[in-house]
Amino acid sequence: MRSITGRTVSAKSSIENLVNNTIKGFSNVQEFTTKVKLNKENEIIVDVSLQVKENAIIRELSDNMQARIKQAVKKTSDLDIKEVNIKIKNVEQINNIIKE
């Protein structure tokens with residue numbers, strides 16, 4: 001695996017932009033935040049926090065998102081991502097009307 005040390009800040013920012021653009025392609029995602037980190041071995045770790053629509057199939061969405069993020073970064077930068085952590089922070093209801 002190639003390391004991103006040396007130009008860490010710019011590389012992290014570029015990877016973060018790539019991750020953000022990849023996530024924007026998912027229609028069930030309402031809002032999100034991303035953070036790119038390096039561990040002690042200079043491996044790339046991506047943390048994503050999502051707000052999704054209530055009709056989202058979370059397991060499927062997470063698996064697809066992890067695969068697409070890793071693929072996009074590998075294709076564009078030839079860097080491997082060690083892990084993509086996805087946290088669902090909120091599920092937005094499509095219909096806010098409460099029936100009794």
Side-chain angles (χ1 to χ4, degrees):
M1 179 176 114
R2 292 179 50 199
S3 170
I4 66 170
T5 56
R7 297 185 186 179
T8 303
V9 173
S10 128
K12 285 171 65 174
S13 177
S14 296
I15 292 168
E16 193 169 288
N17 288 334
L18 196 56
V19 170
N20 290 343
N21 288 332
T22 302
I23 295 170
K24 288 176 186 175
F26 288 87
S27 61
N28 285 330
V29 175
Q30 290 295 105
E31 296 177 18
F32 64 91
T33 58
T34 60
K35 184 173 183 182
V36 175
K37 305 183 289 189
L38 292 177
N39 66 13
K40 292 176 185 173
E41 292 79 33
N42 286 322
E43 296 170 321
I44 303 167
I45 299 169
V46 178
D47 291 329
V48 180
S49 184
L50 301 172
Q51 178 176 324
V52 298
K53 296 178 183 175
E54 72 178 340
N55 63 344
I57 302 169
I58 292 173
R59 180 65 186 181
E60 184 179 304
L61 176 66
S62 296
D63 289 346
N64 289 338
M65 189 173 290
Q66 287 171 327
R68 281 199 211 165
I69 288 170
K70 287 180 179 182
Q71 180 182 37
V73 171
K74 180 66 173 176
K75 182 179 179 182
T76 304
S77 66
D78 198 33
L79 295 170
D80 294 311
I81 292 183
K82 169 80 171 157
E83 57 188 68
V84 177
N85 302 308
I86 297 178
K87 177 183 175 187
I88 306 299
K89 66 180 179 182
N90 196 10
V91 177
E92 182 178 298
Q93 293 182 343
I94 295 173
N95 185 353
N96 291 326
I97 300 173
I98 300 173
K99 294 181 181 179
E100 291 188 22

Worksheet item: Can you tell me how far the CG atom of Asn64 sits from the OG1 atom of Thr22, to the nearest 0.5 Å?
Response: 12.5 Å

Discussion item. Are Ile57 and Phe26 linked, directly or through intermediate hydrophobic residues, by side-chain heavy-atom contacts shorter than 4.5 Å (ILVMFWY only)?
Written reply: no

Fill in: Over 12 foreign heavy atoms within 6.0 Å of NZ, Lys35
no

Item to complete: Write down the atom of Phe32, the atom of Leu50, and the distance for their closest heavy-atom approach.
Response: CB-CD2, 3.6 Å

Worksheet entry | Heavy-atom pair with the smallest gap, counting every atom of Lys89 and Ser49 | CD-OG, 3.4 Å

Worksheet item: Run the side-chain contact (heavy atoms from CB on, under 4.5 Å) check on Ile69 and Ile23 step by step: do they pass?
Response: CA-CA 8 Å; Ile69 288 170; Ile23 295 170; 4.2 Å; yes

Discussion item. I'd like to know whether Val36 forms a side-chain contact (heavy atoms from CB on, under 4.5 Å) with Ile81, so could you lay out the CA-CA distance, the side-chain angles of the two residues, the decisive distance to 0.1 Å, and finally the verdict.
Written reply: CA-CA 10 Å; Val36 175; Ile81 292 183; over 6 Å; no

Discussion item. Could you measure the distance from the CD atom of Gln51 to the CG atom of Asn28? Nearest 0.5 Å is fine.
Written reply: 12.5 Å

Worksheet item: Only one of Lys70, Lys75, Lys74 forms a salt bridge (charged side-chain N to carboxylate O under 4.0 Å, His left out) with Asp80, so which one is it?
Response: Lys74

Practice prompt. For Leu18 and Ala72, work out which heavy atoms get closest and say how close.
Written response: CD2-O, 3.5 Å

Worksheet item: Can you check whether Val84's main-chain N or O pairs, donor with acceptor, with Gln66's side chain at less than 3.5 Å?
Response: yes

Worksheet item: Do other residues, nucleotides or ligands put more than 12 heavy atoms under 6.0 Å from Ile88 CD1?
Response: yes

Worksheet entry | Separation between CD1 of Ile15 and CG of Leu79, rounded to the nearest 0.5 Å | 5.0 Å

Discussion item. For a quick test of reading the model, state the closest non-hydrogen atom pair linking Val52 to Leu61 and the distance between them.
Written reply: CG1-CD2, 3.6 Å

Worksheet item: NZ of Lys87: more than 12 outside heavy atoms within 6.0 angstrom?
Response: no

Worksheet item: What is the distance from atom OG1 of Thr76 to atom CD of Gln71, rounded to the nearest 0.5 Å?
Response: 9.5 Å

Worksheet, complete the sentence: Interatomic distance, OG1@Thr34 vs CD1@Ile86, rounded to 0.5 Å, equals 11.5 Å

Worksheet, complete the sentence: To the nearest 0.5 Å, atom CG of Leu38 lies from atom NZ of Lys40 at 13.5 Å

Item to complete: Verify the cluster assignment for Val19 and Ile45: are they in a single hydrophobic cluster under the rule of side-chain heavy atoms below 4.5 Å apart?
Response: no

Item to complete: Name all residues meeting the salt bridge (charged side-chain N to carboxylate O under 4.0 Å, His left out) criterion together with Lys37; count only those two or more places apart in sequence or in a different chain, and write none if there are none.
Response: Asp47

